[in-house]
Each structure stands twice: as structure tokens, then as C-alpha cells.
K.L.:
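Just dropping this structure here.
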Amino acid sequence: MGISIKDLRSGEQAVIQAIEGGRGIAWRLEALGLRPGKKLAKISAQFLGGPITVCVDGRYVALGRGIAGRVIVKRTEDA
């Protein structure tokens, strides 16, 4: 089983395995470039519940913690 983006450390890379939630969430994330099979890197997470920033396809995307918790990923070994 995978982990959520929230569980990654800053700088870690991962591949999206699944989006937990309905079609609305999946469509919204896909519009941002986040869909199963895509590689991403967690850039940063703000202290005390702020947004989580990831880089996918060379673009930076800020996600709220609730949404980030619905994106299930698998860590990659790429440094």
C-alpha cells in the first residue's frame, strides 16, 4: 500500500499510484497535472497546516493538506 504526499519528506520523489475521492477531486488534480503514473517531488510543507508544494512536470503546485492526503504515492529510488 502506498503513502500520501503528506508522508513524504521534503526533497523525496514519488510516483502517483491513486487518487482517493470522487470524480471532482480527480478532475481537479488532473487539471493540475497530478494523475496516476506521474512522477513528482515534494518541495516543501509549511509548518502548522499550511500548503504542501510539489513539483510535477517542471511546474510547482501548492496543495492543501486535505487534498494532499488523498494523493497516494510510492517512493522512488531516484535521487
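Since we're looking at a predicted model, the values are computed, not measured. Just so you know, residue 1 is the first one in the sequence shown, and it goes up from there.
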K.L.:
Linking I/L/V/M/F/W/Y whenever their side-chain heavy atoms sit closer than 4.5 Å, directly or via other members, would Ile25 and Leu63 fall into one cluster?
P.N.:
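Both belong to a single hydrophobic cluster.
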K.L.:
Which residues pass the salt bridge (charged side-chain N to carboxylate O under 4.0 Å, His left out) test with Lys38, not counting sequence neighbours?
P.N.:
Asp57
K.L.:
When rounded to the nearest 0.5 angstrom, what is the spacing between CD1 in Ile52 and OG in Ser4?
P.N.:
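Interatomic distance, Ile52 CD1 to Ser4 OG, rounded to 0.5 Å: 7.0 Å.
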K.L.:
Do Trp27 and Ile16 sit in the same hydrophobic cluster, where Ile, Leu, Val, Met, Phe, Trp and Tyr count as joined when their side-chain heavy atoms come under 4.5 Å apart?
P.N.:
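No.
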K.L.:
Please find the pair of heavy atoms, one from Ser10 and one from Ser44, that lie closest to each other, and give the distance.
P.N.:
OG-CA, 3.6 Å
K.L.:
Once you round to the nearest 0.5 Å, how far does OG1 of Thr53 lie from CG of Leu40?
P.N.:
12.0 Å
K.L.:
Please identify each residue that fulfils salt bridge (charged side-chain N to carboxylate O under 4.0 Å, His left out) with Arg9, with sequence neighbours left out.
P.N.:
Glu12
K.L.:
Do Val15 and Val71 share a hydrophobic cluster, counting only Ile, Leu, Val, Met, Phe, Trp and Tyr and linking them when any side-chain heavy atoms are less than 4.5 Å apart?
P.N.:
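The answer is no; the residues belong to distinct hydrophobic clusters.
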K.L.:
Which atom names give the shortest non-hydrogen contact between Lys6 and Ala68, and what distance separates them?
P.N.:
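So the minimum-distance heavy-atom pair works out to CG-CB, 4.0 Å.
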K.L.:
Drop me the distance from Lys42's NZ to Asp7's CG, to the nearest 0.5 angstrom.
P.N.:
7.5 Å
K.L.:
Does any part of the side chain of Leu8, heavy atoms only, come nearer than 4.5 Å to the side chain of Arg75, both counted from C-beta?
P.N.:
yes
K.L.:
What heavy-atom pair brings Pro36 and Ile19 nearest, and what distance separates the two atoms?
P.N.:
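Minimum heavy-atom contact is CD-CG1, 4.3 Å.
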K.L.:
Check whether any side-chain N or O of Arg65 sits under 3.5 Å from a backbone N or O of Gly50 as a donor-acceptor pair, and report yes or no.
P.N.:
yes
K.L.:
Establish whether Ile43 and Ile67 are linked, either directly or via other cluster members, by ILVMFWY side-chain heavy-atom contacts under 4.5 Å.
P.N.:
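Cluster IDs for Ile43 and Ile67 differ.
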K.L.:
What closest approach, in Å, do Val73 and Gln17 show between heavy atoms, and which atom pair accounts for it?
P.N.:
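Scanning both residues completely, I find the closest heavy atoms to be O-OE1, 3.8 Å.
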K.L.:
Any side-chain heavy atom of Val56 sitting closer than 4.5 Å to one from Leu32?
P.N.:
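In short, these two side chains do not touch, never coming nearer than 4.5 Å.
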